[in-house]
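Below is one structure, written out as structure tokens; comments come after it.
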Amino acid sequence: MCDGYEARDEAIGVYAPTGKGLNHAIFLRTFSANVHVLSPDDELPTAEESERAEQAGVTLHAKVEALRFSADGCEALLDGGGTQSLDTVYPMLGCDPRTALARAMDAATDDVGKLVVDDAMQTSVPGLFAAGDVVSGLNQISVAVGHAAIAATAIHRRLPFNPRPLVKPIRQ
């Protein structure tokens with residue numbers, strides 16, 4: 001949650017299935033007392049999810065019909081006709097890692113299909129590097145940029161030494 005601090009004390013919504021959104025909503029409770037899970041799924045929260053949410057002070061909304069955005073924020077259209085006003089919404093709809101090419105090269109993947117990499121972002125295939133949402137970790141742009149910087153540095157270090165030619169300064 002790279003933006004949690006900026007949303008402190010606001011009405012925050014996490015748009016996700018309850019099971020996936022609840023942990024993030026609980027995390028966001030450290031920034032705001034007004035946090036909601038907005039589940040588009042037809043399933044109602046389990047008893048365990050409801051208990052965890054209540055203990056953490058998170059409000060659960062099942063069967064959210066739509067989100068309406070404006071310059072003033074967001075309004076969640078709830079099942080049964082009610083609404084919930086929000087200042088900030090975190091969408092958490094998952095990601096589908098596009099790893100088919102790397103897998104065709106026999107790159108190792110984890111249990112959710114993301115590429116396994118080392119500290120230099122190299123996959124199990126020598127010379128094949130990966131960054132961003134195709135590797136395990138937080139699915140955030142700032143994390144992907146960090147991955148890319150690590151991979152680019154590792155790739156640069158693998159290249160043969162190729163110094164720039166020395167140029168004598170022009171004297172006037």
Side-chain angles (χ1 to χ4, degrees), residues 1-100 102-103 107-119 121 123-124 130-151:
M1 299 289 161
C2 57
D3 299 319
Y5 179 77
E6 287 83 2
R8 67 191 180 281
D9 299 324
E10 292 185 351
I12 301 172
V14 177
Y15 187 73
T18 302
K20 293 183 179 190
L22 185 54
N23 286 338
H24 295 282
I26 291 170
F27 174 86
L28 289 169
R29 277 287 286 117
T30 63
F31 296 104
S32 176
N34 191 359
V35 180
H36 305 261
V37 175
L38 310 166
S39 177
D41 293 348
D42 287 336
E43 295 178 22
L44 294 174
T46 65
E48 178 188 341
E49 291 167 342
S50 294
E51 183 179 329
R52 286 184 62 220
E54 185 177 341
Q55 289 175 352
V58 170
T59 305
L60 300 180
H61 302 282
K63 303 179 183 181
V64 171
E65 295 176 1
L67 299 177
R68 199 176 336 183
F69 294 90
S70 71
D72 297 325
C74 176
E75 187 173 65
L77 305 178
L78 307 176
D79 183 47
T83 61
Q84 175 62 55
S85 295
L86 303 155
D87 300 303
T88 300
V89 175
Y90 289 93
M92 295 188 56
L93 303 173
C95 83
D96 182 17
R98 306 291 186 187
T99 58
R103 284 185 286 113
T109 57
D110 63 15
D111 59 338
V112 295
K114 293 191 175 198
L115 297 171
V116 176
V117 294
D118 63 16
D119 290 345
M121 306 308 295
T123 69
S124 59
D133 291 355
V134 297
V135 302
S136 294
L138 295 173
N139 294 334
Q140 296 180 352
I141 293 169
S142 57
V143 173
V145 170
H147 286 169
I150 292 167

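Just so you know, these numbers come straight off a predicted model, no measurement behind them. Values below: all heavy atoms of this structure, side chains included; hydrogens, waters and symmetry mates excluded.
- Separating the CD1 atom in Ile12 from the CG atom in Leu38 is a distance of 11.5 Å, to the nearest 0.5 Å.
- The side-chain heavy atoms of Asp118 and Thr123, taken from C-beta on, include no pair separated by under 4.5 Å.
- Considering only residues two or more places apart in sequence or on other chains, His147 meets the ring-ring contact (aromatic ring centres under 6.0 Å, His included) condition with none of them.
- The side-chain hydrogen bond (donor to acceptor under 3.5 Å, both in side chains) check on Ser32 picks up nothing, with sequence neighbours excluded.
- Ala144 is linked by a side chain to side chain contact (heavy atoms under 4.5 Å, CB included) to nothing, counting only residues two or more places apart in sequence or in another chain.
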Please tabulate, one pair per line, all N/O donor-acceptor pairs under 3.5 Å involving side-chain atoms of residues 63-81, not counting sequence neighbours.
| unit_1 | atom_1 | unit_2 | atom_2 | d |
| --- | --- | --- | --- | --- |
| Ser70 | OG | Asp72 | N | 3.2 |

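- Scanning both residues, Pro40 and Pro17, for their nearest heavy atoms gives CD-N, 4.2 Å.
- Atom CG of Leu44 has more than 12 heavy atoms from other residues, nucleotides or ligands within 6.0 Å.
- For the atom pair OG (Ser39) and CG (Leu60), the distance works out to 9.0 Å, reported to the nearest 0.5 Å.
- The salt bridge (charged side-chain N to carboxylate O under 4.0 Å, His left out) contacts involving residues 81-100 comprise Asp96-Arg98, where partners must be two or more places apart or lie in separate chains.
- Between Asp9 and Phe31 there is no side-chain heavy-atom pair separated by less than 4.5 Å.
- The side-chain hydrogen bond (donor to acceptor under 3.5 Å, both in side chains) check on Asp133 picks up nothing, with sequence neighbours excluded.
- By the 4.5 Å heavy-atom criterion applied to side chains, Val135 and Lys114 are not counted as neighbours.
- Taking Thr99 as the reference, Pro97, Arg103, Leu115, Val134 meet the side chain to side chain contact (heavy atoms under 4.5 Å, CB included) condition, with sequence neighbours excluded.
- Atom-to-atom distance recorded for Leu86:CG and Gln84:CD is 5.5 Å, nearest 0.5 angstrom.
- Applying the side-chain hydrogen bond (donor to acceptor under 3.5 Å, both in side chains) rule to Ser136 yields the partners Asp110; only residues at least two apart in sequence or on another chain are considered.
- For the residue pair Ile26 and Ala56, the shortest heavy atom distance occurs at CG1-CB, 3.7 Å.
- Not a single side-chain hydrogen bond (donor to acceptor under 3.5 Å, both in side chains) links Asp42 to another residue, sequence neighbours left out.
- Screening residues 26-36 for salt bridge (charged side-chain N to carboxylate O under 4.0 Å, His left out), with sequence neighbours left out, gives no hits.
- A donor-acceptor contact under 3.5 angstrom links the side chains of Thr88 and Glu10, judged on distance only.
- Judged as a side chain to side chain contact (heavy atoms under 4.5 Å, CB included), and not counting sequence neighbours, the contacts of Glu48 are Thr46, Arg52.
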As a quick check of understanding, evaluate side-chain contact (heavy atoms from CB on, under 4.5 Å) for Ile150 and Met121, giving each step before the final call. CA-CA 7 Å; Ile150 292 167; Met121 306 308 295; 3.7 Å; yes
Any chance you could lay out the side-chain contact (heavy atoms from CB on, under 4.5 Å) test for Thr59 and Val35, step after step, and finish with the verdict? CA-CA 6 Å; Thr59 305; Val35 180; over 6 Å; no
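- Judged as a salt bridge (charged side-chain N to carboxylate O under 4.0 Å, His left out), not a single pair has a partner in residues 16-28 (not counting sequence neighbours).
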